[in-house]
Amino acid sequence: IHHRGQAFVICSRITAFACLAGVMIGGSGCTLPVHGAGKRLAVQPDSTPLFREYRPGCRLEIYQPVNHTPAARQPAILFVHGGGWVGNHPGMLSSHCRYFAARGLVAITVQYRLARSPDGPTILDCIADVKSAVRWVRAHADELGIDPARIVAAGESAGGHLVACAGLIKGLEELGHDTATSSRPDAMILFSPITDTTMPDGWDLVRLSGKVGKAVAARARVISPIDHIMPGAPPTLVLHGTADNVVPIECSERFVNDMRIAGNRAELVRLQGARHAFILPGYGSKKDIGDALAAVERFLSATGMWPGDVK
């Protein structure tokens with residue numbers, strides 16, 4: 001479906017990978033303004049998150065709206081952190097979970113295995129973990145008070161890649177898991193995402209084989225979301241900064257265009273002057289974060305993924 005344009009030079013092989021993996025944000029608090037659809041709700045999030053292990057060694061941190069009950073059947077949003085598949089931690093997005101829990105969603109951070117060494121977990125394992133997390137939440141929707149047909153996955157940078165893989169690519173599941181329950185999110189929110197892992201002079205995993213391992217590099221097209229776009233994909237919102245020098249905005253423009261050509265609902269929000277990882281508190285400006293969250297709220301409301309909406 002997609003047509004590749006001119007290759008975009010991001011930075012050198014080593015520097016590019018280090019740029020993506022090196023955005024380390026400390027602290028867990030962030031004061032965020034109320035925007036858009038969020039003004040409709042006057043609730044506060046539960047200040048004590050739940051912790052649930054969805055696979056050995058990986059857990060979910062679950063933030064619930066105040067007075068939430070299993071009968072609520074509210075939409076859920078899962079946040080997947082970035083870090084080049086090799087670094088960072090779920091707590092980087094905890095403030096956004098509090099933000100959306102305060103607006104009535106069940107908001108969840110996802111811990112996944114990191115591909116830190118050639119003989120350890122790989123990007124394929126990262127993908128399998130995110131798929132397993134979505135499946136676990138859907139399988140436990142009744143006890144968590146979640147509508148299993150309104151599960152949104154949101155990812156930043158490499159986390160956006162993992163979310164896009166969960167939404168677009170069949171297979172790549174954890175061996176032995178019950179696949180009778182779908183691991184596909186009902187909508188996707190992608191912040192500064194990597195959507196093409198075969199792009200020359202960019203995030204070409206063959207070129208980065210020394211970092212990701214030869215076995216993964218050999219399957220670069222298998223795990224490249226743009227190469228798996230088909231009709232019937234989940235509705236998708238992509239948010240990208242125009243000053244992103246790690247993943248150029250042209251990648252998201254091509255991805256959204258190809259999604260639309262296939263007949264899927266896809267929207268692109270360009271944040272003027274925003275850099276890579278703009279959605280992270282302490283890294284992006286308050287204005288960029290506020291504008292992005294407002295756009296997410298509008299999109300979720302428009303697609304029936306907002307509290308009180310019926311899909």
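Just so it is clear, the structure is predicted and the values come from calculations on it, not from any experiment.
- When side chains are defined from C-beta on, P235 does not count as touching M188, because their heavy atoms never get closer than 4.5 Å.
- Relative to the six-membered ring of F100, R98 misses at least one condition, a distance below 6.0 Å or an angle of at most 45° to the axis.
- The salt bridge (charged side-chain N to carboxylate O under 4.0 Å, His left out) test applied to R116 returns no partner, not counting sequence neighbours.
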message = If you apply the rule side chain to side chain contact (heavy atoms under 4.5 Å, CB included), what do you find for F278 with I289, and how did you get there?
response = CA-CA 7 Å; F278 67 85; I289 294 173; 5.6 Å; no

task = For side chain to side chain contact (heavy atoms under 4.5 Å, CB included), just list the numbers for C58 and E53, CA-CA rounded to whole Å, side-chain angles, deciding distance to a tenth of an Å, and then say yes or no.
result = CA-CA 6 Å; C58 292; E53 191 173 74; 5.8 Å; no

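- Taking OG of S192 as the start and CD1 of I279 as the end, the distance is 8.5 Å to the nearest 0.5 Å.
- Shown here are the side-chain hydrogen bond (donor to acceptor under 3.5 Å, both in side chains) partners of S252, two or more places apart in sequence or in another chain: H240.
- Atom-to-atom distance recorded for I127:CD1 and I123:CD1 is 7.0 Å, nearest 0.5 angstrom.
- One finds no salt bridge joining R298 and E267 here, because no Lys/Arg side-chain nitrogen approaches an Asp/Glu carboxylate oxygen to under 4.0 Å.
- Closest of all the heavy-atom pairs between V110 and A133 is CG1-CB, 3.8 Å.
- Checking side-chain atoms of R275 against main-chain N and O of Y283 turns up a donor-acceptor pair under 3.5 Å.
- For the residue pair P185 and A153, the shortest heavy atom distance occurs at CB-CB, 3.7 Å.
- A heavy-atom distance below 4.5 Å is not found between the side chains of D227 and T197.
- Minimum interatomic distance between I229 and A262 (heavy atoms only, all atoms of both residues): CG2-CB, 3.8 Å.
- To the nearest 0.5 Å, the span separating CG on L237 from CE on M305 amounts to 12.5 Å.
- Partners of E253 by side chain to side chain contact (heavy atoms under 4.5 Å, CB included), not counting sequence neighbours, listed by chain and number: I249, E250, L268, R270.
- Counting only heavy atoms from C-beta outward, the side chains of H96 and P281 approach each other to under 4.5 Å.
- Checking side-chain atoms of H161 against main-chain N and O of S224 turns up no donor-acceptor pair under 3.5 Å.
- For the pair D147 (side chain) and R73 (backbone), a donor-acceptor distance under 3.5 Å is absent.
- With R184 contributing its side chain and G167 its backbone, the two residues share a donor-acceptor pair below 3.5 Å.
- Residue pairs meeting the ring pair (Phe, Tyr, Trp, His ring centres under 6.0 Å) criterion with at least one partner in residues 110-142, sequence neighbours excluded, are H81-Y112, W136-H140.
- Evaluation of the side chain to side chain contact (heavy atoms under 4.5 Å, CB included) rule for R138 yields V134, P148, I151, T181, S182, D186 as partners, not counting sequence neighbours.
- Salt-bridge check for K131 with E174: failed, with every basic side-chain N at 4.0 Å or more from each acidic carboxylate O.
- In this structure, R59 fails the cation-pi test against Y54, since its NZ or CZ atom is not both closer than 6.0 Å to the six-membered ring centre and inside 45 degrees of the ring normal.
- Contact record, C97 with A107: O-CB, 3.3 Å, taken as the closest heavy-atom pair.
- Residues T109 and M92 fail the side-chain proximity criterion, which asks for heavy atoms closer than 4.5 Å.
- Contact annotation: the side chain of V106 approaches that of P65 to within less than 4.5 Å [non-hydrogen atoms, C-beta and beyond].
- Between the side chains of T198 and D196, a donor-acceptor pair is found at a separation under 3.5 Å.
- Under the 4.5 Å side-chain criterion, counting only non-hydrogen atoms from C-beta, T236 is in contact with V238.
- Here the side chain of R260 pairs a donor or acceptor atom with the backbone of A266 at under 3.5 angstrom.
- Under the 4.5 Å side-chain criterion, counting only non-hydrogen atoms from C-beta, L60 is not in contact with F51.
- Applying the side-chain hydrogen bond (donor to acceptor under 3.5 Å, both in side chains) rule to S183 yields the partners E173; only residues at least two apart in sequence or on another chain are considered.
- Considering only residues two or more places apart in sequence or on other chains, P75 meets the side chain to side chain contact (heavy atoms under 4.5 Å, CB included) condition with L105, R150, P307.
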ask   = Which is it for V80 and V163 under the side chain to side chain contact (heavy atoms under 4.5 Å, CB included) test, yes or no, and what are the steps along the way?
value = CA-CA 7 Å; V80 183; V163 167; 3.8 Å; yes

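- Taking both residues in full, the closest heavy atoms of C251 and T195 are given as O-OG1, 3.8 Å, listed atom of the first, atom of the second, then distance.
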task = Under the side chain to side chain contact (heavy atoms under 4.5 Å, CB included) rule, what do H276 and S157 come out as? Steps first, then yes or no, please.
result = CA-CA 8 Å; H276 191 70; S157 190; 2.8 Å; yes

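- With values rounded to the nearest 0.5 angstrom, L78 atom CG is found 11.5 Å from L93 atom CG.
- Taking every heavy atom of both residues into account, T179 and R135 meet most closely at CG2-NH2, 3.6 Å.
- With hydrogens and angles ignored, the 3.5 Å screen pairs a side-chain donor or acceptor of H228 with a backbone N or O of R221.
- Residues passing the side-chain hydrogen bond (donor to acceptor under 3.5 Å, both in side chains) test with S285 are D288, sequence neighbours excluded.
- A distance-only check finds no donor-acceptor pair linking the side chain of T303 to the backbone of S301 [under 3.5 Å].
- Every residue was checked against the side-chain hydrogen bond (donor to acceptor under 3.5 Å, both in side chains) condition with Q74, not counting sequence neighbours, and none meets it.
- The salt bridge (charged side-chain N to carboxylate O under 4.0 Å, His left out) search around D244 returns none, not counting sequence neighbours.
- For the atom pair CG (D129) and CG (L172), the distance works out to 12.0 Å, reported to the nearest 0.5 Å.
- Qualifying salt bridge (charged side-chain N to carboxylate O under 4.0 Å, His left out) partners for E61, counting only residues two or more places apart in sequence or in other chains: none.
- Between the CG atom in L114 and the NE2 atom in H89 there is a gap of 11.0 Å [rounded to 0.5 Å].
- Using a 4.5 Å heavy-atom threshold, the side chains of L168 and M230 count as separate.
- Listed by chain and number, the residues in a side chain to side chain contact (heavy atoms under 4.5 Å, CB included) with A154 are I77, F79, I189, F191 (sequence neighbours excluded).
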